[in-house]
Enquirer: 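One structure is given below, represented as structure tokens, and several questions about it will come after.
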Amino acid sequence: MESTGPTSPLPTEFFPAPAPLSPETEHPRKHRVIVVAYDHSLYGDAVIAKSIKLGMLRPSDDIRILHIVNQSDYTTMFNPMISAGGTSCSSRDDVMESTLSQVADAFMYEVIQALRKIGFEKVRSEVLRGDPKESATDYCRIAKPKYLITGSRGLGAIKRTVMGSVSNYLTKHCPCPVLVVKVDPSEIEERKEMNEKKNAKFADVLGM
């Protein structure tokens, strides 16, 4: 999925640069397919950042950013951006789901562009609607990834995709290995400045 992003892109340093690759990993015989469960939250960004630092995501990988959402979740998911723009409660209630869907598309576009800036060329998003457990499992069954990366908990509106019974379900039922990334408070703190920049960028998409 591709869409048009905001006029001001996320900064190049939004994600850390990957470690230099060895000749074997730089020119693999076959690109690894890696699926990342993502929920647009500060925690979700920290999971991607840590996965890059640990070498779980390589520039040579075929990366699928998997976002599973119910239609009713869009308003809750983007409330921080709406609130940041000073929009009243009545105005929030009037925001159309189609507009919020466009913002979600813009989010995914900019996350992908941020990864491409630091060398991840084979990356794309997959936005699915439905039950997070079943949707992620079904997607991995079709995509046949090397593994699925998910967080141990989530702080965003779609936290069901990366916490509690869902991550436990995925480790038991997903047809591929599941790597559960735990992010500590200091790593969350490191992302707060970037998260503020991200919120400011996407307030523009809502016309604020």
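Quick note: residue numbers are just sequence positions, from 1.
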Enquirer: Do Phe15 and Val111 come within less than 4.5 Å of each other through their side chains, counting heavy atoms only?
Expert: yes
Enquirer: Look up atom CG in Leu148 and atom OG1 in Thr137, then write down how far apart they are to the nearest 0.5 Å.
Expert: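 Those atoms lie 8.5 Å apart.
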Enquirer: Looking at Lys182 and Gly151, would you say the former's side chain and the latter's main chain have a donor-acceptor pair under 3.5 Å?
Expert: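 Looks like no, no N/O pair under 3.5 Å.
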Enquirer: Same cluster or not: Ile188 versus Tyr38, using hydrophobic residues (I, L, V, M, F, W, Y) connected whenever any side-chain heavy atoms lie under 4.5 Å apart?
Expert: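 Same hydrophobic cluster.
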Enquirer: Give, for atom NZ of Lys50 and atom OH of Tyr43, the distance between the pair rounded to the nearest 0.5 Å.
Expert: 8.0 Å
Enquirer: Taking a hydrophobic cluster as the set of Ile, Leu, Val, Met, Phe, Trp and Tyr residues connected by side-chain heavy atoms closer than 4.5 Å, whether directly or through intermediates, do Val33 and Ile48 fall within one such cluster?
Expert: no
Enquirer: Mind checking the NZ-CD1 spacing from Lys122 to Ile63? Nearest 0.5 Å is all I need.
Expert: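 The NZ atom of Lys122 sits 11.0 Å away from the CD1 atom of Ile63.
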Enquirer: Do other residues, nucleotides or ligands put more than 12 heavy atoms under 6.0 Å from the CD atom of Glu13?
Expert: yes
Enquirer: For Arg116, is there an ion pair with Glu121 - N to carboxylate O distance below 4.0 angstrom?
Expert: no
Enquirer: Do Val181 and Ser51 have side chains that get closer than 4.5 Å, going by heavy atoms?
Expert: yes
Enquirer: Between Tyr147 and Met56 (side chain of the first, backbone of the second, donor and acceptor by atom type, cut-off under 3.5 Å), is there such a pair?
Expert: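 The answer is yes, because a donor-acceptor pair under 3.5 Å joins these two groups.
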Enquirer: Which distance, rounded to the nearest 0.5 Å, do you find between the CD1 of Ile65 and the CE of Met108?
Expert: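 Going from the CD1 atom of Ile65 to the CE atom of Met108 covers 6.0 Å.
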Enquirer: For the residue pair Ala37 and Thr150, what are the closest heavy atoms and their distance?
Expert: CB-OG1, 3.9 Å
Enquirer: Is there a donor-acceptor pair closer than 3.5 Å between any side-chain N or O of Thr171 and the backbone N or O of Asn168?
Expert: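 Side chain of Thr171 to backbone of Asn168, a donor-acceptor pair under 3.5 Å: yes, one is there.
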Enquirer: Can you measure from OH (Tyr109) to CG (Leu10) and round to the nearest 0.5 angstrom?
Expert: 11.0 Å
Enquirer: May I ask you to decide whether Arg124 forms a salt bridge with Glu126, counting only side-chain N to carboxylate O separations under 4.0 Å?
Expert: yes
Enquirer: Do the charged groups of Asp61 and Arg58 touch, with an N to O distance under 4.0 Å?
Expert: no
Enquirer: May I ask you to test the Pro18-Ile52 pair for a side-chain heavy-atom distance under 4.5 Å?
Expert: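 Yes; the side chains approach each other to less than 4.5 Å.
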Enquirer: Test of understanding: clusters of I, L, V, M, F, W, Y form through side-chain heavy atoms closer than 4.5 Å, transitively. Do Leu57 and Leu179 belong to the same one?
Expert: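 Yes, Leu57 and Leu179 fall within the same hydrophobic cluster.
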Enquirer: Would the distance check show the side chain of His31 and the main-chain N or O of Ser60 forming a donor-acceptor pair, the cut-off being under 3.5 Å?
Expert: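 Such a contact is found between His31 side chain and Ser60 backbone.
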Enquirer: On a heavy-atom basis, which atom in Ile68 and which in Ala136 lie closest, and how many Å separate them?
Expert: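 Residues Ile68 and Ala136, closest heavy atoms: CD1-N, 3.5 Å.
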Enquirer: Out of curiosity, Cys140 SG to Arg64 CZ, how far, rounded to the nearest 0.5 Å?
Expert: 10.0 Å
Enquirer: Following the transitive rule for hydrophobic clusters with a side-chain heavy-atom cut-off under 4.5 Å over Ile, Leu, Val, Met, Phe, Trp and Tyr, establish whether Met194 and Ile118 coincide in one cluster.
Expert: yes
Enquirer: So, Glu110 side chain and Phe107 main chain: donor-acceptor pair closer than 3.5 Å or not?
Expert: no
Enquirer: Around Lys117, counting heavy atoms of other residues, nucleotides and ligands shown, do more than 12 lie under 6.0 Å from its NZ?
Expert: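 Atom NZ in Lys117 is packed in, count exceeds 12.
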Enquirer: Do Asp62 and Arg32 come within less than 4.5 Å of each other through their side chains, counting heavy atoms only?
Expert: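 Sidechains of Arg32 and Asp62: no contact.
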Enquirer: Do Arg191 and Phe14 meet the cation-pi criteria used here (NZ or CZ under 6.0 Å from the six-membered ring centre, within 45° of the axis)?
Expert: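 Yes, Arg191 and Phe14 form such a contact.
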